[in-house]
2 protein chains.
Amino acid sequence: MEIPPVVIDRLPLYTRALSTLDEEGRDVVSSQELGTLLGVTPAQIRKDLSYFGRFGKQGRGYNVRKLLDELHHILGLDRQWRMAVIGVGKLGRAILGYEGFTPQGFRIVEAFDADPKRIGQLIENLTIRDANDLEKILLKSPVDVGIVAVPAVIAQNVIDTLVKCGVRAILSYAPIPARVPQGVYLKRIEPVLALQSMAYYLKNSPRSTAAASRS
Amino acid sequence: MEIPPVVIDRLPLYTRALSTLDEEGRDVVSSQELGTLLGVTPAQIRKDLSYFGRFGKQGRGYNVRKLLDELHHILGLDRQWRMAVIGVGKLGRAILGYEGFTPQGFRIVEAFDADPKRIGQLIENLTIRDANDLEKILLKSPVDVGIVAVPAVIAQNVIDTLVKCGVRAILSYAPIPARVPQGVYLKRIEPVLALQSMAYYLKNSPRSTAAASRS
DNA sequence: AAGGGTTTGTGCTCACAATTACAATCCTTC
DNA sequence: GAAGGATTGTAATTGTGAGCACAAACCCTT
């Protein structure tokens with residue numbers, strides 16, 4: 001059976017809410033409660049989960065810990081993923097310094113840049129490598145995910161190289177509609193696009209008219 | 001007529017591609033070409049544009065400059081938008097230093113933080129203000145967009161304050177399912193969620209199996 | 001000026017995701 | 001241990017967006 005990508009995109013949301021509940025010591029949660037917590041309908045949650053199994057108990061709800069473990073397993077969050085950052089300008093450095101990846105099992109193990117002034121520098125316990133050695137180094141020490149934080153003009157090039165090195169998941173901060181072959185997964189982080197689409201609503205909704213707020 | 005939010009989300013993509021073409025000196029482009037450039041079907045582009053008018057010429061395509069101007073006007077990109085950044089840790093500083101906002105008409109005019117060590121500092125030509133004065137300052141000098149780069153625990157609080165100050169568009173980097181009232185627009189930037197959903201495919205697609213790559 | 005080759009705009013169809021609604025199941029209480 | 005209240009899992013329905021296909025319109029060439 002083929003699971004809709006939208007469903008996969010929602011699962012991490014569920015795990016996050018469940019983690020919070022778990023830390024608060026909650027044992028059981030209903031789809032109802034989880035739904036209001038996340039701004040999603042209870043039926044949506046139940047249906048999403050039903051793609052993978054039957055995790056709840058009628059009349060009671062879901063065991064927080066058990067469901068969390070299941071989702072971790074389903075998403076592959078019960079292991080470590082190795083990541084490389086390409087480009088350590090302001091953005092790249094912020095990414096290297098972000099503490100939110102490691103607790104979720106995503107660890108940055110390599111960092112690259114093309115600027116000679118940056119190569120060899122030690123940033124956040126990582127020695128910046130020469131971007132020209134990208135291929136060589138990644139073939140020796142493979143990573144699961146590539147994080148692209150280079151200028152737009154060379155982004156496609158970097159992405160192509162990553163793909164050549166067998167990287168199958170790419171998180172791109174570059175403002176280009178990058179193309180990747182089948183079987184390679186690409187997610188883009190595009191704050192400017194987000195702003196631009198919100199501008200439309202700012203412009204067209206006359207200050208306090210009903211309008212859906214979508215994230 | 002009500003325009004689907006997905007359509008609005010795609011328009012900025014079109015403007016970006018058109019800008020590139022315009023800089024290259026191109027006069028005319030077909031939906032076909034624009035489509036392959038963006039990884040979108042030509043019919044999709046034509047249909048999206050048809051919500052707003054008839055901008056093309058049969059047998060010829062779209063005048064790049066004219067369509068670009070139209071889209072800029074539709075999206076409200078033909079004016080300046082004022083933004084405030086709340087939280088100037090590593091992430092916030094990277095946002096302040098990002099050069100991609102200004103060329104698109106989005107200008108950061110205020111920056112806030114709660115840390116006394118940061119208040120008063122001059123970063124990227126902006127004096128960091130006390131986050132406790134957020135309300136006071138924003139009421140005097142209103143902004144259109146709030147960029148939230150604070151820790152998760154206080155993010156909802158900050159967002160509530162922004163809303164109270166009349167901010168109707170919020171770009172949140174905080175990893176929480178923030179809630180905003182009707183008429184306020186929220187977009188979230190969530191690299192961790194993106195990674196987590198890609199982990200599913202990494203785990204479940206046996207290295208070079210056909211699989212759609214969605215961004 | 002006529003014809004051929006393009007490309008737009010759009011009605012229609014199809015596919016898929018969200019919602020509804022309800023039977024089945026479970027827990028708790030009396 | 002039976003009854004009542006709650007909640008799940010899912011079949012059926014609804015809603016919506018994407019793709020197809022074609023008539024209308026346009027340009028260019030001869």
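Values in this document were obtained by computation on a predicted structure and should not be read as measured data. Chain letters run A, B, ... following the sequence lines, proteins first and then strands; every chain starts at 1.
- Ring planes of Y200(B) and F52(A): perpendicular class, angle over 60° (limits at 30 and 60°).
- The environment of CZ in R82(A) is crowded: more than 12 heavy-atom neighbours from other residues, nucleotides or ligands sit within 6.0 Å.
- N63(B) has its CG atom 16 Å from the P atom of dT7(C), to the nearest Å.
- Pairing each heavy atom of A84(A) with each of F112(A), the nearest pair is CB-CE1, 4.2 Å.
- The listed nucleotides are dA18(C), dA17(C), dG9(C); the one nearest the side chain of R46(B) is dG9(C).
- You'll find the side chain of Y62(A) reaches within 4.5 Å of the side chain of R46(A), heavy atoms only.
- Contact footprint of chain A on DNA chain D: nucleotides with an atom under 4.0 Å from a non-hydrogen protein atom, first to last in 5' to 3' order, dA6(D) to dA12(D).
- As a whole-Å value, the separation of D9(A) CG from dA18(C) P is 11 Å.
- Q44(A) has its CD atom 11 Å from the P atom of dA17(C), to the nearest Å.
- For R60(B) and D27(B), the salt-bridge test fails: no basic side-chain N is under 4.0 Å from an acidic carboxylate O.
- Under 3.5 Å, the side chains of Q196(A) and R16(B) contain no donor-acceptor pair of N or O atoms.
- The nearest whole Å value for the distance from the CD1 atom in I3(A) to the P atom in dC16(C) is 14 Å.
- In plain terms, the two heavy atoms of I45(A) and V40(A) that are nearest each other are CG1-CG1, 4.0 Å.
- With a 6.0 Å radius and a threshold of 12 heavy atoms from other residues, nucleotides or ligands, R79(A) has its CZ atom above the threshold.
- Listed by residue number, the members of residues 16-38 of chain B with any heavy atom below 4.0 angstrom from DNA chain C are S30(B), S31(B).
- Comparing atom distances between the V6(A) side chain and each of dA18(C), dA21(C), dT19(C) picks out dA18(C) as nearest.
- Residues D78(B) and H73(B) have side chains that bring a donor and an acceptor to within less than 3.5 angstrom of each other.
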task = Could you walk me through whether R93(A) and D113(A) pass salt bridge (charged side-chain N to carboxylate O under 4.0 Å, His left out), step by step?
result = CA-CA 11 Å; R93(A) 272 192 292 267; D113(A) 203 294; over 6 Å; no
ask   = What string of B, S and - do you get for nucleotides 23-30 of chain C 5' to 3' if you count protein non-hydrogen atoms under 4.0 Å?
value = -BBBS---
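- Under a 3.5 Å cut-off, the side chain of S205(B) and the backbone N or O of L202(B) do not form any donor-acceptor pair.
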